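Each ligand, and each atom within it, is numbered from 1 in the order the structure gives. Just so we're clear, the structure is a prediction, and the values are computed from it rather than from any experiment. What you see below is based on every heavy atom in this structure, not just the backbone, and it leaves out hydrogens, waters and symmetry mates.
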Amino acid sequence: MVPFLDLKAPYQELRAELDAAWRRVNEAGWYVLGREVEAFEHEWAAYCGTQHCVGVANGLEALHLTLRAWGIGEGDEVIVPSHTFIATWLAVTYAGARPVPVEPDERTGNIDSNRIEAALSPRTRAIVPVHLYGQAAAMPEITAIAQRHGLKVLEDAAQAHGATWEGRRTGALGDAAAFSFYPGKNLGALGDAGAVTTNDSALADRLRVLRNYGSRVKYENEAAGYNERLDELQAAVLRAKLPRLDAWNDRRRRIAQRYLAQLAGLPSLELPLVALGADPVWHLFVVKTRGRSKLHDFLADRGIGTLIHYPIPPHLSGAYAASGYRRGDFPLAERLAAEVLSLPMGPHLTDAQAAEVVAAVRAFEDRR
Ligand SMILES: *Cc1c(COP(=O)(O)O)cnc(C)c1O
């Protein structure tokens, strides 16, 4: 049996640290916006190489509150990838603005920076590149476009904790970055959690107010804010896990190297491409194949778990039914949605399990 991702293993590895985190929060008797959140914010900002980090309730709100804090809303447009998890789009929609999709570079799956300028209008306010599957988007090109047109860049770094572009970590590559610490991410809480990193102190200040009912001083509400705070308990858990993140990412890299080497040259399988300048953290290892459902079933029969990220592009989902999109509007996103398959990937996948995956994929190919 090779599970797609083992979510129990981190506790087996870090039982003492995680139990201590739980005890610390219980003994302090302080559960919301206290020392653990503050300490995690310092530690995560230091890790990413930014001056500020603001903990929030989840990744979607990290995106949404940042757009709000910039005053982006009704009548504005925001560039998003056509191929992404729907949260990237929903954050723009929540803010009252319109997501404007741009097709991916098919080799990496990330937003194609060459197509961004054609999608700009006088209403465009920001670009939200996603570092999809753990690989940084082409940030130098994207930030250059943003500078030329006076736009903000908000990294959606929910899949890319620790990934770099030319040695600089995601989280520090735009005007601000949104992270998710959903349990399955490279750094995961025991439930929902998120954060924004930035070097902009005015933005950080605004986010602290927005996440907490628009309030700086209790019961004084200077803005119509939200309840989107990061819990003390989740912050304590993240602090316990953060020291392991680099080692866990290295382990993912080794598994990816094995997959890339041992699955190379199979005629029906397209392997992920790493762009020059990017050092991915392999949140997912995504292959492309026309025979996806057959490969999925073949692997499932051998106890190997795979998933699809993502089967329905946002523009064809029910959430955007009222926007009038049709099949064929974003053919590259549609093709990826039809062909991508994520192989087992995680820091606790053993060499034997990775070998089993390789052997099974090769056996599938031989049978064709
Ligand atoms: C997980 C994810 C999000 C949303 O994070 P949540 O914490 O689940 O709200 C946003 N964008 C991308 C690309 C993601 O993978």
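- Both the backbone and the side chain of Asn58 come within 4.0 Å of ligand 1, judged by heavy-atom distances.
- Ion pairing between Arg208 and Glu41 holds under the 4.0 Å rule for side-chain N and carboxylate O.
- Nearest-heavy-atom check against atom 12 (C) of ligand 1 across Ala158, Gly191, Ala157 picks out Ala158.
- For atom 11 (N) of ligand 1, the closest non-hydrogen atom of the protein is Asp156 OD2, 2.8 Å.
- Ligand 1 has an N or O atom lying under 3.5 Å from an N or O atom of Gly59, backbone or side chain.
- Of the N or O atoms in Tyr182, none lie within a sub-3.5 Å distance of an N or O in ligand 1.
- Not close to ligand 1: His131, with no non-hydrogen atom less than 4.0 angstrom away.
- Using a 4.0 Å cut-off between charged nitrogen and carboxylate oxygen, Glu106 and Lys288 do not count as a salt-bridge pair.
- With salt bridges taken as basic N to acidic carboxylate O contacts below 4.0 Å, one links Glu117 and Arg148.
- In Lys185, the part holding a heavy atom less than 4.0 Å from any atom of ligand 1 is the side chain.
- Nearest protein heavy-atom neighbour of atom 10 (C) of ligand 1: Ala87 CB, 3.4 Å.
- Distances below 4.0 Å separate heavy atoms of Phe85 from the following atoms of ligand 1: 2 (C), 3 (C), 14 (C).
- Counting atoms of ligand 1 from 1 in the listed order, those under 4.0 Å from a heavy atom of Val130 are 13 (C).
- Both Leu7 and Phe285 belong to a single network of hydrophobic side chains, linked directly or stepwise wherever heavy atoms of I, L, V, M, F, W or Y lie under 4.5 Å apart.
- The parts of Leu60 lying near ligand 1 are both backbone and side chain, judged by heavy-atom distances below 4.0 Å.
- Here the shortest heavy-atom pairing between Leu151 and Asp175 reads O-OD2, 4.1 Å.
- Between Arg216 and Glu220 no salt bridge is recorded (no basic side-chain N to carboxylate O distance below 4.0 Å).
- If you look at Tyr133 and His309, their ring centroids are not closer than 6.0 Å.
- Among the atoms of Ser180, some N or O lies under 3.5 angstrom from an N or O of ligand 1.
- Centroid-to-centroid, the aromatic rings of Phe40 and Phe181 come within less than 6.0 Å.
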